[in-house]
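Read the structure below first, then the notes.
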Amino acid sequence: MTESKFTPRVFSGIQPSGNLHLGNYLGALKRFVDMQGPDMETVYCMVDLHAITVWQDPKELMHSTRELCAGFIAAGINPEQSILFNQSQVPEHAQLAWIFNCVARMGWMQRMTQWKDKAGKNQQNASLGLFAYPSLMAADILVYHATHVPVGEDQKQHLELTRDIAIKFNNDFGVDFFPITEPVIEGAATRVMSLRDGSKKMSKSDASDMSRINMTDDAETIAKKIRKAKTDPDALPSEVEGLEERLEARNLVNIYSALSDQTPEQVLAEVGGKQFGEFKPMLADLAVAKLSPISSEMARLMNDQAEIDRILARGAERARQITVPILRQTYEIVGMVGAGQN
Ligand code: AQP
């Protein structure tokens, strides 16, 4: 099978589950913005159907979806250029996910690290949706025939499963219909770690607010969180090899590097030899300079929620111009009567 018959198209999504944080920004959002351009069609989604795989208060879910939309736009996504919408307004995602539930195997899902981490020891009480999450994610991507998916490191396994589903579907039905998608996991911040524990991913659901920088934090809070971030007593090294065993130091250098669009080597050439007492204020100043304009713009956009709703509805309409024909063709391939007449 060749991938060349598929037009280059980017798809990615973020869950509107509150606490949009620096990891989401550097690992995903900032890179979504970088991929916008004349040569690439870009489709970005607030994946509200994924968010409800764990309990969400309905009012908060609505608020988080609109706030996330404001975050996308404030970070630089142009809703006229990119297709920007919330997943539940495009029903073909869930419809294709059902087909993929019948293609994917139980054993594949049981191996997923995110399932094991999130369901933990309480698998019997986890939702069926949480188990089937990667199948819906495969549908999100493949219902656009997307070829490139920018994500953080934690989503790598789900993207491999997306490829497995596409390959099995194509083989089962003897077609060359779904592309074998490329994960785009690049840059210094593909895995931003907790500010309190360098071995844990920065995460929306971490009980400690001090573990993450939220995109809605004000300048003082950002500076305080960086000042209190866990570190070690040594000075920063001048070479990246010197960060290997120093998880927290490496995390702060990687954050600095991603925020300043430099490589970690370039950053260490500048700050190697400095103590954290000197480096942390530099990082705080940089983080405030980069994030404050985004959080102020988010707040401004949130003052006009009707406009946000209009943008999401228009994005969904544009998205469906792509998804309706792809789902119809999928139904035809699978053998659903009437699919050709819709
Ligand atoms: N710490 C991170 N570093 C780099 N990238 C990250 N992403 C998430 N955390 C980091 C990337 O952000 C995108 C959207 O993620 P999501 O909405 O699917 O949520 P998630 O990965 O489940 O994020 P959280 O914060 O970890 O949520 P909880 O706490 O609910 O599990 C993805 O591209 C992801 O890789």
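Indexing begins at 1, ligand by ligand and atom by atom, following the structure's order. By convention here, the first residue in the shown sequence is residue 1. Treat the numbers as computed from the prediction; the structure is a model and nothing was measured.
- At the shortest separation from atom 28 (P) of ligand 1 among protein heavy atoms lies Ser205 OG, 3.5 Å.
- When ring centroids are compared, Phe32 and Tyr25 stay outside the 6.0 Å threshold.
- Contacts with ligand 1 closer than 4.0 Å are made by backbone heavy atoms (N, CA, C, O) of Thr190 only, the side chain lying farther away.
- Contact annotation for Lys118 and ligand 1: only side-chain heavy atoms (C-beta onward) come within less than 4.0 Å of the ligand.
- Heavy-atom contacts of Ser203 reach the following atoms of ligand 1: 25 (O), 26 (O), 28 (P), 29 (O) (cutoff under 4.0 Å).
- Residue Lys274 holds its NZ atom at 10.0 Å from CZ of Phe279, rounded to the nearest 0.5 Å.
- Under a 4.0 angstrom heavy-atom cut-off, Arg212 registers as lying outside contact with ligand 1.
- The closest donor-acceptor contact from the side chain of Glu92 to the backbone of Asp140 lies at 3.5 Å or more, if one exists at all.
- Distances between N or O atoms of Ile14 and those of ligand 1 include no value under 3.5 Å.
- To the nearest 0.5 angstrom, Arg9 atom CZ is 7.0 Å from Ile83 atom CD1.
- For atom 23 (O) of ligand 1, the nearest non-hydrogen atom from the set Gln15, Glu153, Arg191, Lys201 comes from Lys201.
- Near Met202, with a cut-off below 4.0 Å to any heavy atom, the atoms of ligand 1 are 1 (N), 2 (C), 9 (N).
- We find the SG-CE distance between Cys69 and Met46 to be 5.0 Å, quoted to the nearest 0.5 Å.
- Atom OG of residue Ser194 and atom CZ of residue Arg212 lie 9.0 Å apart, to the nearest 0.5 angstrom.
- Looking only at heavy atoms of the protein, atom 7 (N) of ligand 1 is closest to Asn24 ND2, 3.7 Å.
- For the residues Lys204, His50, Arg31, the heavy atom positioned nearest atom 19 (O) of ligand 1 is part of Lys204.
- A distance of 11.5 Å separates CG in Asn251 from NZ in Lys230, rounded to the nearest 0.5 Å.
- For ligand 1 and Tyr133, the ligand atoms under 4.0 Å from any heavy atom of the residue are 18 (O).
- Salt bridge annotation for Arg328-Glu332: present, with a cationic side-chain nitrogen under 4.0 angstrom from a carboxylate oxygen.
- Scanning the protein for heavy atoms near atom 6 (C) of ligand 1, the closest one is Gly23 O, 3.5 Å.
- For a threshold of 3.5 Å applied to N or O pairs, the pair formed by Ser17 and ligand 1 contains no separation below that value.
- Residue contacts with ligand 1 do not include Phe32, since none of its heavy atoms lies under 4.0 Å from the ligand.
- For atom 13 (C) of ligand 1, the nearest non-hydrogen atom from the set Ala258, Ala28, Ser194 comes from Ala28.
- No part of Tyr25 comes within 4.0 Å of ligand 1, judged by heavy-atom distances.
- At a 3.5 angstrom cut-off on N or O pairs, Gln114 does not count as close to ligand 1.
- Taking the six-membered ring where the residue is Trp, His93 and Phe11 present tilted rings, their angle falling between 30° and 60°.
- Nearest to atom 35 (O) of ligand 1 by heavy atom, out of Asp154, Val192, Val151, Asp206, is Asp154.
- At distances below 3.5 Å, at least one donor-acceptor pair connects side-chain atoms of Arg105 with backbone N or O atoms of Val103.
- Atom 33 (O) of ligand 1 has its nearest heavy-atom neighbour, among Gly13, Gly152, Gly27, in Gly152.
- Looking at heavy atoms from C-beta onward, Asn214 lies out of side-chain contact with Leu22 at the 4.5 angstrom threshold.
- The structure places CG of Leu130 at 11.5 Å from CG of Leu136, a figure rounded to the nearest 0.5 Å.
- At a 4.0 Å heavy-atom cut-off, ligand 1 touches Ala189 through the backbone alone.
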